[in-house]
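These notes are about the structure you will find just below.
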Amino acid sequence: MPSQQLSLRQPDDWHVHLRDGSMLQAVALATARQFARAIVMPNLSPPVTTAAAAEAYRRRIREALPDGSRFEPLLTAYLTDAIDPAEIERGFRQGAWVACKLYPAHATTNSAAGVSSIEAITPVFETLERIGMPLLIHGEVTSADIDIFDREAVFIERHLEPLLGRHPGLKVVLEHITTSDAVDFVRSGPANLAATITPHHLHINRNAMFAGGLRPDFYCLPVAKRELHRIALRGAATSGNPKFFLGTDSAPHARTAKEAACGCAGIFNAPFALESYAAVFEQENALERLEAFASEFGPRFYGLPLNEATITLERQPLEVPSRLHLNDAAGTAVELVPFHAGETLPWRLLQP
Ligand SMILES: NC(=O)N[C@@H](CC(=O)O)C(=O)O
Ligand SMILES: [Zn+2]
Ligand SMILES: [Zn+2]
C-alpha cells in the first residue's frame, strides 16, 4: 500500500522555551527543524526585561543553530512590577520583541521576578493596548488557599475578565490552556482574545502523573486536569475556530532536574511536536484542520504573514526514544526525556 502523505504550510510554534547556554544549544534545532518561527519565552535567569537583552538572546539562539538556518525567533518581554512601559514600546518599535509575557510572581519556572499585582502595572497594559502589542499570559493564581487544579479557572474569573473589561482593545493570548473553563471563556470572548494549546494537554489527563507511581515527566504547569477538560481542549483545537492555535510550551529540564525530590515543571515535547499534534487530529477525524491550527491562526492573530514553505508528514510509525542525549556546542550531551518517550506515533515528519 502506498504510504499516505500530508503536506502542510510550514507551521510556527507560538509558545516555546528555548532556554540558554548549553540547554539552548542542545534543544534549539528540535524546534527549528519543524517550525519557521517561534514565540520564545523570556523566563531565563535573569529574565529578558530589556530590548538589549532580547537582541543579545536572539543572537545566542541564532548561534545555537546551523549556518543557513532560516528559523526566526520572535522574542518576548518579561513583565515585572518595575518594567518601564517606554522600554517595552521602544523594543517593540525596533523589533527587539513582539509581545509581552505576564507571569504572576511564583506561578511557574523562573517567575519569581514576575508580576505581584496585575492592577499595579496598568500603565503597561495601556501602552500595549495603544501600540497593538500582544499580552501573553500564564493564567494561574498563586494563592496557597486555591487548589492547584482550580488555579486557571480562578485566574480567569479574578484577573483576566476584569483585565479585559478595563482594556477592551488589549490583544491577549491565554497561554497553554488546560480547562473547559478556559475554552468557554476564550470562545465566547472578543476577537482580540485567543489561546494556545499544547500537545501534552491534548494527550494526557492528570492520571498520567500517577500511573503506577509518581511520573515526573508528565508534570508541567498549568498541571494537567481531569479527562473532561482534555476532551474540551481536543474539541477546541480541532474545531477550526481561529481563536485556538498551536503553542507547544516545550519546556526542557535535564532528566536529573525532573527526577528529583522537588522536580521541575515542564514537558519537553519539541522533538516530535508536530507528530504529536497530528496523532490527536487524526484521532479526532480532523486532519484537514491541522494546517489551520498549526500554520494559519497564529500568524493571523499576530498580524504576521503566513509561511510560504511546506512540510510533509508521512503516515509511518515513529518510535519515540525513551531518552535523548542532545549535544551542546562543546559536544557535551544533555540527557532529556521527550514527551511520548517509548511510544509509537502514527505520523512522522519527512525532512526536506
Ligand atoms: N510549562 C511548564 O511547566 N514550565 C515552563 C514555564 C511555563 O510555561 O509555565 C518552564 O519554563 O519550565
Ligand atoms: Zn506558563
Ligand atoms: Zn511555557
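Heads up: numbering here begins at 1 and tracks the sequence. When a ligand or atom number is given, it counts from 1 through the structure's own listing order.
Proximity of Asn43 to ligand 1, defined as any heavy-atom pair under 4.0 Å, is confined to the side chain (atoms from C-beta onward). When non-hydrogen atoms are compared, ligand 1 lies under 4.0 Å from the side chain of His176 (C-beta onward) but not from its backbone. Contact annotation for His253 and ligand 1: only side-chain heavy atoms (C-beta onward) come within less than 4.0 Å of the ligand. If you look at Lys101 next to ligand 1, there are no close heavy atoms at all, none under 4.0 Å.
By the 4.5 Å heavy-atom criterion applied to side chains, Thr310 and Leu8 are not counted as neighbours.
Contact between Ala99 and Tyr302 at its shortest, heavy atoms only, is CB-CE2, 4.3 Å.
Below the 2.8 Å limit, the Zn ion (ligand 3) has as protein N, O or S neighbours His15 NE2, His17 NE2, Asp249 OD1.
Atom 3 (O) of ligand 1 has its closest protein heavy atom at Leu221 N, 2.8 Å. Regarding atom 4 (N) of ligand 1, its nearest protein heavy-atom neighbour is Ala265 O, 3.1 Å. At the shortest separation from atom 6 (C) of ligand 1 among protein heavy atoms lies Thr108 OG1, 3.2 Å.
The structure places OG1 of Thr238 at 8.5 Å from CD1 of Ile197, a figure rounded to the nearest 0.5 Å.
Residues satisfying the salt bridge (Lys or Arg N to Asp or Glu O under 4.0 Å) test with Arg93, not counting sequence neighbours, are Glu89.
A salt bridge links Glu335 to Arg255: at least one charged side-chain nitrogen sits closer than 4.0 Å to a carboxylate oxygen. The pair Glu284-Arg234 meets the salt-bridge criterion, with a side-chain N (NZ, NE, NH1 or NH2) lying under 4.0 Å from an Asp/Glu carboxylate O.
Within the structure, the closest approach of Arg19 to ligand 1 falls below 4.0 Å when heavy atoms are considered.
Close approach of ligand 1 to Ala251 is summarised as follows: ligand atoms under 4.0 Å from at least one heavy atom of the residue are 4 (N), 5 (C), 10 (C), 12 (O).
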